[in-house]
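The structure under discussion appears below in the form of structure tokens.
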Amino acid sequence: MSESAPAETPLDELVESVADRTGEEPESIRTWLEPFTDDGRVTSAAIESSVTDVSQILATAETRVDLATRTHDEATAAADDAPDLEVVTVRRRAFGDRLDDLRAEVEALGDDLGAARSGLAEPVAVYRAAVALHEITTEAQDIVRVAHDLETELEAFEAWLRSANRRHGALVDEVEAAEESAAALTETVESLRDADDPDPGRRFDAAVQTRVLDLVVADLRAEADDLRAWAHRDGVPFPDDVDARIDDLESAVAEHADALGDRPGRDGEFGERLDALDAELEAVEPPVAWARVDETVAEARSALSEDGAPGDEAAN
């Protein structure tokens, strides 16, 4: 702990001083400073104890990232034995990017911790340090959770790499999920078609879902092609009905698009947002970066809500 930290200061006195300098609410300041107090006084020992606690939490986050790194190395070694296919490459790249992000976040939190524990001569600096330590704790705990999830996903990825049955089973699960989404969309489209005055927000949302499902179909077909080539290389059977089911999905999506029509419900802001969404999604090719697509779709929906369009249902 910095030697400039206050020896002992009554909490009430420090709260009043910070409130005068910052204009923030005294009760809020008191809450943040509570971990720095001992028997109603802010003390160097209490500050040091808080810093030690946060350091341990950050160390736990670092350990979790290290464990995820080891699991990533094992999965990467397994991927080296897989064929050079996009279905492998895109997953491998995504895991590497996520791990790099976690490492950068841990390093940044270490820098933040160093900054928080120095220069505590002034009341406001002590208060800012208390807030910073809380934020570091929250972010470090998030890293622990995310790193644990990443490690679990990497283990599943390695198992996927080593087992054709797992790969094929996962593909079939994805096809089934798409079929369920298409069936739900069918009900929505039919209700819109039968309505005398269909809600523009529901029509917009159905149009968005149709476009997303169109991408899903393309992504599934590309994945099926790669996994079939992999199965052929290894001399193992590939599920017989996958192609037919994807064809059926493609037909269902096309029917939804026709039922919604090219222009009805596209006037005004709804039409402008659909045209903008179409322009962005046309550039997306398999393997689809779904995180980016999700952001694009969310932006299209939220823009309507923010502009006052009937968007509660559409935004969901």
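Atoms considered below: every heavy atom in the structure, side chains included; atoms not considered: hydrogens, waters and symmetry mates.
- Residue pairs meeting the ring-ring contact (aromatic ring centres under 6.0 Å, His included) criterion with at least one member in residues 231-255, sequence neighbours excluded: H168-F238.
- A distance-only check finds no donor-acceptor pair linking the side chain of T210 to the backbone of A257 [under 3.5 Å].
- Residues R301 and V208 share a closest heavy-atom pair of NH2-CG1, 4.0 Å.
- Taken to the nearest 0.5 Å, the CD atom of E280 stands 11.0 Å off from the CD atom of E295.
- Here E24 pairs with R128 in a salt bridge; the nearest charged N to carboxylate O distance falls below 4.0 Å.
- E139 is not listed as a side-chain neighbour of E105, based on a closest heavy-atom distance of 4.5 Å or more.
- Residues passing the side-chain hydrogen bond (donor to acceptor under 3.5 Å, both in side chains) test with D225 are R228, sequence neighbours excluded.
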Please assess D278 against R273 for the test side chain to side chain contact (heavy atoms under 4.5 Å, CB included), listing each intermediate value before the final yes or no. CA-CA 8 Å; D278 284 339; R273 290 311 306 168; over 6 Å; no
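- The shortest distance between side-chain heavy atoms of L113 and L109 does not fall below 4.5 Å.
- Electrostatic pairing of D80 and R92 counts as a salt bridge here, judged by a charged N lying under 4.0 Å from a carboxylate O.
- Between L14 and I29 there is no side-chain heavy-atom pair separated by less than 4.5 Å.
- Using a cut-off of 4.0 Å between Lys/Arg side-chain N and Asp/Glu carboxylate O, R64 and E151 are scored as salt-bridged.
- Checked against side-chain hydrogen bond (donor to acceptor under 3.5 Å, both in side chains), Q209 has the following partners two or more places apart in sequence or in another chain: D205.
- Between the D241 side chain and the A244 main chain, no donor and acceptor come within less than 3.5 Å of each other.
- W32 pairs with exactly one of V15, V131, L133 by the side-chain contact (heavy atoms from CB on, under 4.5 Å) rule, that one being V131.
- No continuous path of ILVMFWY side-chain contacts below 4.5 Å connects L102 to I57, so the two sit in separate hydrophobic clusters.
- Taking D219 as the reference, W290 meet the side-chain hydrogen bond (donor to acceptor under 3.5 Å, both in side chains) condition, with sequence neighbours excluded.
- The shortest side-chain heavy-atom distance between D112 and E135 does not fall under the 4.5 Å cut-off.
- Looking only at side-chain heavy atoms (C-beta outward), L213 and S181 come within less than 4.5 Å of each other.
- For residues 72-112, the ring-ring contact (aromatic ring centres under 6.0 Å, His included) pairs, not counting sequence neighbours, are F95-F157.
- S17 and R21 share a donor-acceptor pair across their side chains, judged by distance under 3.5 Å alone.
- The ring-ring contact (aromatic ring centres under 6.0 Å, His included) analysis of residues 206-231, with sequence neighbours excluded, yields the pairs W160-W230.
- Around CZ of R233, the count of heavy atoms belonging to other residues, nucleotides or ligands within 6.0 Å exceeds 12.
- From E158, atom CD reaches atom OG1 of T71 across 8.5 Å, with rounding to the nearest 0.5 Å.
- At most 12 heavy atoms of other shown residues, nucleotides or ligands fall within 6.0 angstrom of atom CG in D39.
- Remark: the backbone N or O of V18 is paired with a side-chain donor or acceptor of T22 at under 3.5 angstrom.
- Summarising the geometry, atom CZ belonging to R103 is positioned 13.0 Å from atom CD1 belonging to I143; distances are rounded to the nearest 0.5 Å.
- Put simply, the side chain of V126 does not reach to within 4.5 Å of the side chain of E122, judged on heavy atoms.
- Taking a 6.0 Å sphere around CD of E16, one finds it holds 12 or fewer heavy atoms contributed by other residues, nucleotides or ligands.
- Looking at D243 and R221, no side-chain N of the basic residue comes within less than 4.0 Å of a carboxylate O on the acidic one, giving no salt bridge.
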